[in-house]
Visitor: 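Submitted below is the structure of interest, expressed as structure tokens.
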Amino acid sequence: MKQYEYLAKQALRDHGIPIPPGRLVNTPEDAYQAVQEIGPAALKAQVLVGGRGKAGGIRFASTPDEARDVAKAMLGMDLKGYTVERLYAEGKLDIEREFYISVTTDRNKKVPLVMASLAGGVEIEDVDDSQIVRQWVDPRVGVLPYFGRELAQRLGLTGTLARELADLVVKLYQIYRERDAELVEINPLAVVNGHLMAADARLNIDDSALFRHKNLELIEEGSELEKKVHQIGLAFVELDGDIAIMANGAGMAMATVDAIQYFGGKPANFLDAGGGASVEPTAQALDVLVSMKPKVLFINIFGGITRCDDVATAILQVKEGTGIPVPLVVRLVGTNEKEGVALLEQAGISAYSDMAPAAERAVQLAGEGRS
Amino acid sequence: MKQYEYLAKQALRDHGIPIPPGRLVNTPEDAYQAVQEIGPAALKAQVLVGGRGKAGGIRFASTPDEARDVAKAMLGMDLKGYTVERLYAEGKLDIEREFYISVTTDRNKKVPLVMASLAGGVEIEDVDDSQIVRQWVDPRVGVLPYFGRELAQRLGLTGTLARELADLVVKLYQIYRERDAELVEINPLAVVNGHLMAADARLNIDDSALFRHKNLELIEEGSELEKKVHQIGLAFVELDGDIAIMANGAGMAMATVDAIQYFGGKPANFLDAGGGASVEPTAQALDVLVSMKPKVLFINIFGGITRCDDVATAILQVKEGTGIPVPLVVRLVGTNEKEGVALLEQAGISAYSDMAPAAERAVQLAGEGRS
Amino acid sequence: MAVLLTKNSKILVQGITGNQGRFHTKQMLAYGSQVVGGISPGKAGDTVEGVPVFDTVETAVQKTGANASIVFVPAPFAKDAAFEAMESGIQLLVMIPEHIPVQDSIDIVTRAGELGVTVIGPNTFGIISPGEKTKMGIMPNHIYQPGPIGVVARSGTLSYEIAFSLTNGGFGQTTVVGMGGDPVVGQTFISVLRHFKDDPDTKGVVMVGEIGGSAEEEAAEYLKTFGKPVVAYLAGRAAPPGKRMGHAGAIIERGRGTLESKEKALTAAGASVVTMPWQVVDALREAMAHV
Amino acid sequence: MAVLLTKNSKILVQGITGNQGRFHTKQMLAYGSQVVGGISPGKAGDTVEGVPVFDTVETAVQKTGANASIVFVPAPFAKDAAFEAMESGIQLLVMIPEHIPVQDSIDIVTRAGELGVTVIGPNTFGIISPGEKTKMGIMPNHIYQPGPIGVVARSGTLSYEIAFSLTNGGFGQTTVVGMGGDPVVGQTFISVLRHFKDDPDTKGVVMVGEIGGSAEEEAAEYLKTFGKPVVAYLAGRAAPPGKRMGHAGAIIERGRGTLESKEKALTAAGASVVTMPWQVVDALREAMAHV
């Protein structure tokens with residue numbers, strides 16, 4: 001779960017990492033007061049999209065009156081599909097240098113990874129590899145100050161900056177560890193008056209660990225439709241095609257999307273109905289797919305834990321309820337296959353047992369494909 | 001640093017371990033209000049002495065008025081040499097069973113040790129070894145709930161009590177670890193209405209770790225004299241004899257006390273002047289020894305880091321300042337021995353180079369010993 | 001005839017009295033797995049499908065000589081269960097739950113490394129050795145068949161699809177290993193491939209990968225000296241960058257983990273990479289013919 | 001001619017630019033110790049007594065091939081320094097500071113066990129091998145002399161007293177080890193005695209113990225099969241129970257750690273236990289005569 005910039009900054013401050021003076025702004029009046037208190041400031045839209053600056057999501061205000069006007073213009077504006085509901089007013093900084101630092105999990109080495117660079121201020125993937133210093137953390141040891149001193153040395157920092165970096169990386173790792181962060185990133189890590197300060201920050205919390213961070217406000221990314229399906233408890237991603245797809249299991253769902261595209265069709269979505277979903281959520285998910293008004297609805301099930309008769313029942317439930325006003329292609333094999341196929345056939349739906357011809361047929365019905 | 005009962009209980013509560021309702025009582029009026037709020041209560045003197053109950057440090061009050069009277073009597077009373085300054089009013093419990101549990105450090109195995117017994121309510125050293133369950137903690141793993149389930153199983157607990165114990169030991173270890181405890185002990189761990197509750201608690205904090213627990217109120221044990229020497233930064237214990245002793249290093253100081261006793265003398269104190277103490281604290285310590293009005297003052301120095309001339313200077317400083325109105329025996333060898341001995345001789349003090357005859361002479365001068 | 005899990009594996013079920021634990025204990029017993037005990041604190045003395053229930057893994061190991069355990073407890077308690085198993089001497093640990101916090105998985109995997117414990121998962125369908133008639137997992141029993149092919153997969157249903165097509169295509173399996181879909185799991189393609197390399201009965205291997213991470217790229221490096229035919233299928237060809245496709249692991253992030261880079265690396269290492277799941281059998285037949 | 005510390009030990013000084021670090025670097029060099037580098041963050045490039053200073057142990061080890069380190073940093077930073085040394089490959093670590101939190105010492109000692117690092121201390125005067133003309137510690141240089149006696153002690157000045165009396169009595173030392181006065185330290189009497197047993201040049205051993213804990217009792221068990229003469233002196237005979245005599249370790253608590261129990265155990269194991277420090281030499285002479 002990505003955290004808004006102001007929440008990420010708050011986490012840094014709570015752990016003793018210096019941040020610029022800032023205020024959360026919910027109304028134009030807040031903006032007025034914020035600039036009155038902290039002086040000329042950047043007003044930054046609190047939305048979870050990249051490239052916020054270029055899209056007009058960061059504007060400056062020198063006076064309280066100007067801040068009020070700017071906030072008026074920004075609050076409620078649309079930024080790459082997201083409505084700006086909050087701003088963060090942050091004092092203007094006289095930045096001397098811009099570094100980069102982050103802690104994340106290395107999936108291959110299965111340990112935390114600290115990345116740092118003297119070339120900060122741009123996305124880290126735009127930084128040449130030779131300018132990035134990587135140090136892996138032994139989780140048994142954690143990050144002690146010496147780790148930071150070694151990091152500073154590799155970066156070529158000395159004196160105050162080296163000392164401050166050593167201290168900062170200890171705290172950054174505490175945030176990563178204690179807050180179950182997938183990523184905690186300071187970019188730019190600014191040098192202001194010869195001291196380190198977190199000019200911008202990202203903090204992504206591990207969704208699976210939210211149960212032990214109950215004080216966190218829930219922030220959901222994604223389209224309204226995606227949020228709706230996530231609430232059913234299923235993984236769902238909107239794509240830009242017109243063949244709606246349901247499959248069970250993340251791998252199968254990905255393979256199904258791949259298969260539709262393989263035959264020249266355009267997948268409308270990724271939907272993992274779960275490895276063992278029961279009738280109700282499956283029916284709810286189908287309802288959402290129908291509401292997308294696709295050209296074709298393609299259901300691809302390999303029943304392991306999932307029972308084919310449950311899937312069939314869900315299909316019939318939706319068909320008799322909301323209705324399925326588009327061509328339907330079903331591939332159904334595995335546990336209770338016979339029962340499921342029989343149920344569908346009674347309703348006039350014939351099911352495929354192989355994935356390839358089923359996917360091909362779905363593409364054909366959508367009027368797409370190679371033929 | 002030992003914590004008062006009410007502070008130990010507060011620590012337990014902060015970590016989610018159930019404690020009886022209680023209020024800190026500084027005045028008789030506090031006691032009145034406390035009993036008004038929590039009903040019939042025990043008023044417990046907050047002093048760091050054992051056997052508090054037998055010495056009259058725990059009394060009961062059924063009504064607010066009674067509580068006021070009892071508190072009036074108890075506040076300011078002397079309990080084994082300590083003045084009672086605070087009481088802790090605690091709701092009366094209907095205790096069904098009394099268990100014991102503690103976490104401490106096993107000095108031999110160099111890991112934390114959890115001890116538990118179903119025979120609680122008495123000092124653990126009075127419990128037969130066969131009734132005590134010991135489980136050592138792997139510090140790399142810490143205490144997870146399964147550790148507590150194993151403990152409960154060994155104790156023979158089942159059902160609710162087993163579940164609660166498993167949960168409690170996790171929290172107890174957190175206190176031990178996060179608060180740098182030498183000992184955290186719940187005794188009795190009471191069963192009240194079928195649930196576990198900490199009826200009494202001890203919490204001793206590692207003095208060396210106080211720098212990272214700056215919010216802790218400093219609590220000093222010991223006599224006024226001991227507190228005074230501790231403030232100089234030296235280790236000091238009052239004994240009940242009349243030969244005052246100063247030595248450098250804890251082992252040497254112990255050996256010196258032993259030597260005085262060996263020759264039949266009565267040591268007045270243990271004083272470790274430190275492995276490398278300079279003139280000033282040494283002189284201050286000598287001042288304290290003189291103020292004890294001993295029969296003899298015995299100084300036993302093997303100069304390693306400690307310089308013999310520094311010790312001699314300190315002795316002369318005190319002699320010329322406060323004065324040393326009792327016989328003085330000095331044994332002085334090691335680093336800068338010649339310079340030190342020369343300084344003393346100029347002032348008419350002759351120094352021994354061997355420990356045995358020096359100690360024997362000190363005992364003689366005190367009019368004690370075997371002869 | 002198998003890697004990691006054999007008929008000598010004496011299996012515990014942690015969380016045996018829950019719905020999932022109960023159901024899969026029955027399925028495992030039906031398949032032939034040697035399930036010797038179950039754990040459910042407070043339920044010692046009960047039995048589930050004839051399997052005795054214990055309060056702690058420690059006792060279960062003492063009483064049954066178990067050396068393997070499969071964990072079905074809810075994710076928030078999974079770390080506790082995993083450590084209980086490892087500290088009690090379990091050597092093969094299958095972690096079924098999804099949504100285990102990554103920090104917990106890091107701790108589990110780190111400790112497993114210290115103790116030499118093999119962890120399968122978390123967020124896995126488990127491991128099955130058809131020739132040994134034993135499984136630890138939630139996979140359907142009927143789709144596997146003994147034979148010479150090792151299968152290692154990241155995700156569940158997709159591996160069923162492929163295992164079933166192998167079975168139908170006449171390729172039985174030595175062992176099928178589900179590594180699990182989480183960002184941090186106990187196994188890597190390489191660690192599993194090593195076992196397949198050492199197993200004389202495994203004549204060829206199917207890898208089922210997906211976008212995200214760089215496990216496939218690292219495996220490719222190892223494959224250069226593997227010496228047995230390998231067919232790889234990778235899911236997520238059509239996945240857009242930056243979107244999580246179900247698995248926490250399945251995401252193309254910051255230019256890493258693309259299908260192209262994986263495909264390229266595997267092909268260069270001599271693996272036969274197919275585009276669609278139903279092409280695996282033909283590709284395998286061809287690869288095996290060249291041996 | 002020595003245990004643990006030999007003339008091949010290449011020594012770093014962590015905290016070399018502090019008063020203590022500077023002073024004892026000089027003393028160690030004067031004694032003959034091979035001090036190859038010092039650590040003081042931010043002071044890289046400086047020298048102390050001709051010894052080059054580095055910012056990190058990592059670099060110092062790379063540049064000098066150091067395998068041992070002595071720590072002089074203030075107690076709150078000691079854990080950091082110890083881990084820096086251990087993670088950089090240091091094999092012999094002497095921790096001088098007193099007042100290191102016990103939890104930190106537990107972490108240090110646990111990690112040392114994992115990595116096979118020998119930790120002397122914390123709160124120790126260090127270790128000296130007179131015959132090899134090398135020391136890591138704060139002990140005075142002039143009181144030792146090469147010879148056949150191993151000395152292992154808990155406390156500093158008292159060990160000086162005894163070492164000096166050994167020297168004056170004609171008993172030189174192979175190695176003198178200060179275990180340290182803290183409740184949790186890296187060594188036990190047993191771990192040090194093992195080295196003395198294996199060292200052919202060590203013909204007899206003097207143990208300097210004290211009240212508190214049960215290290216002496218455990219050592220007694222080991223002494224039964226030690227095979228070399230041992231003289232033990234224990235301090236704290238006159239110490240009252242429940243009072244801490246300076247060392248955090250030196251306390252008779254809850255009936256444990258009394259002098260009587262230690263004395264009894266050691267005597268039963270064949271050690272010659274003396275009552276006063278000045279009796280050590282005579283007892284040793286007698287014990288060695290019986291060999």
Side-chain angles (χ1 to χ4, degrees), chain A residues 50 105-108 110-112 123-125 138-140 176-178 180-182 206-212 222 234-241 247-255 257-262 267 270-272 275-276 301-306 333-335 354-356 359, chain C residues 20 75-76 98-107 109-110 113-114 125 138-140 142-143 153-161 164 181-186 188 208 210-215 218 233 235-240 243-250 254-256 275-278:
Chain A
T105 306
D106 185 317
R107 291 163 184 214
N108 296 312
K110 304 168 198 306
V111 297
E123 292 292 317
I124 189 68
E125 57 263 42
D138 185 330
R140 291 168 297 188
Y176 165 82
R177 180 76 192 176
E178 291 170 15
D180 278 296
E182 289 177 336
D206 178 1
D207 288 340
S208 297
L210 290 178
F211 69 88
R212 53 188 177 208
L234 304 177
F236 180 73
V237 178
E238 267 192 282
L239 305 173
D240 47 15
N248 61 330
M252 265 299 261
M254 267 191 279
V257 169
D258 292 351
I260 290 296
Q261 186 170 286
Y262 176 80
F270 163 96
L271 172 61
D272 171 7
I301 302 294
F302 193 105
I305 315 298
T306 307
V333 290
T335 308
D354 284 329
M355 185 171 162
Chain C
Q20 254 207 322
E98 55 180 346
H99 303 308
I100 294 179
V102 173
Q103 297 297 336
D104 290 1
S105 296
I106 290 175
D107 291 346
V109 169
T110 302
E114 289 177 346
F125 60 91
I138 59 173
M139 62 289 279
H142 67 280
I143 62 176
R154 282 219 225 167
S155 59
T157 44
L158 184 56
S159 85
Y160 306 163
E161 176 86 34
F164 197 42
D182 277 0
V184 170
V185 293
T188 59
V208 185
E210 62 191 35
I211 52 160
S214 59
E218 305 207 344
Y233 164 71
R237 190 166 292 273
K243 295 279 188 184
R244 245 174 227 185
M245 304 304 256
H247 289 169
R254 312 191 156 204
R256 291 180 306 168
T275 309
M276 288 292 127
W278 55 81

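Chain naming here is simple, since letters A, B, ... match the order of the sequence lines and numbering starts at 1 in each. Note that the structure is a prediction, hence the values are computed from the model and not measured.
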Visitor: Which atom pair, heavy atoms only, marks the closest approach of Ser155(C) to Gly251(A)?
Guide: OG-CA, 3.3 Å

Visitor: At a heavy-atom separation under 4.5 Å, does Pro277(C) approach chain A through its side chain, its backbone, both, or neither?
Guide: side chain

Visitor: Can you say whether Val109(C) sits under 4.5 Å from chain A via the side chain, the backbone, both, or neither, judging by heavy atoms?
Guide: side chain

Visitor: State whether the side chain of Thr157(C) and the backbone N or O of Asn248(A) hold a donor-acceptor pair below 3.5 Å, judged by distance alone.
Guide: yes

Visitor: Mind listing the closest non-hydrogen atom pair of Ala238(C) and Asp258(A) along with its distance?
Guide: N-OD1, 2.8 Å

Visitor: Using every non-hydrogen atom in the two residues, find where Arg177(A) and Asp107(C) come nearest and quote the distance to one decimal.
Guide: NH2-OD2, 2.5 Å

Visitor: I'd like to know whether Met254(A) forms a side chain to side chain contact (heavy atoms under 4.5 Å, CB included) with Ile211(C), so could you lay out the CA-CA distance, the side-chain angles of the two residues, the decisive distance to 0.1 Å, and finally the verdict.
Guide: CA-CA 9 Å; Met254(A) 267 191 279; Ile211(C) 52 160; 3.9 Å; yes

Visitor: Locate the shortest heavy-atom distance separating Asp206(A) from Ile100(C); write the atom from each residue and the value.
Guide: OD2-O, 4.5 Å

Visitor: With a 4.5 angstrom heavy-atom cut-off, which part of Ala253(A) approaches chain C: side chain, backbone, both or neither?
Guide: neither

Visitor: Side chain, backbone, both or neither: which part of Val257(A) has a non-hydrogen atom closer than 4.5 Å to chain C?
Guide: both

Visitor: Please name the pair of heavy atoms, one in Ala235(C) and one in Ala255(A), separated by the smallest distance, quoted to 0.1 Å.
Guide: CB-N, 4.3 Å

Visitor: Taking side chain as everything from C-beta outward and backbone as N, CA, C, O, which of these in Phe236(A) sits under 4.5 Å from a heavy atom of chain C? Side chain, backbone, both or neither.
Guide: neither

Visitor: Chain C heavy atoms under 4.5 Å from Ile301(A): which part of the residue, side chain, backbone, both or neither?
Guide: neither

Visitor: Minimum heavy-atom separation for Lys110(A) and Val185(C), please, with both atom names.
Guide: NZ-O, 2.8 Å

Visitor: Return the NE2 to OG1 distance between His142(C) and Thr335(A), rounded to the nearest 0.5 Å.
Guide: 5.5 Å

Visitor: Look at Ser214(C), Ala75(C), Pro140(C) and state which one has the largest set of heavy-atom pairs under 4.5 Å with chain A.
Guide: Ser214(C)

Visitor: What option among Ala247(A), Pro139(A), Ser208(A), Ala181(A) has the most heavy-atom pairs under 4.5 Å with chain C?
Guide: Ser208(A)

Visitor: Under a 4.5 Å heavy-atom cutoff, which of Glu114(C), Glu161(C), Met139(C), Glu218(C) has the most pairs with chain A?
Guide: Glu161(C)

Visitor: In chain order, what residues pass the salt bridge (charged side-chain N to carboxylate O under 4.0 Å, His left out) check against Asp354(A), with sequence neighbours excluded?
Guide: none

Visitor: The criterion is salt bridge (charged side-chain N to carboxylate O under 4.0 Å, His left out); which residues satisfy it with Asp180(A), sequence neighbours excluded?
Guide: Arg212(A)

Visitor: For a side chain to side chain contact (heavy atoms under 4.5 Å, CB included) check, start with the C-alpha distance between Thr110(C) and Arg140(A), then their side-chain angles and the critical distance, and finish with the verdict.
Guide: CA-CA 8 Å; Thr110(C) 302; Arg140(A) 291 168 297 188; 3.8 Å; yes

Visitor: With only heavy atoms counted, which part of Phe211(A) is less than 4.5 Å from chain C, the side chain, the backbone, both or neither?
Guide: side chain

Visitor: Counting only heavy atoms closer than 4.5 Å, note whether Phe125(C) contacts chain A via side chain, backbone, both or neither.
Guide: neither

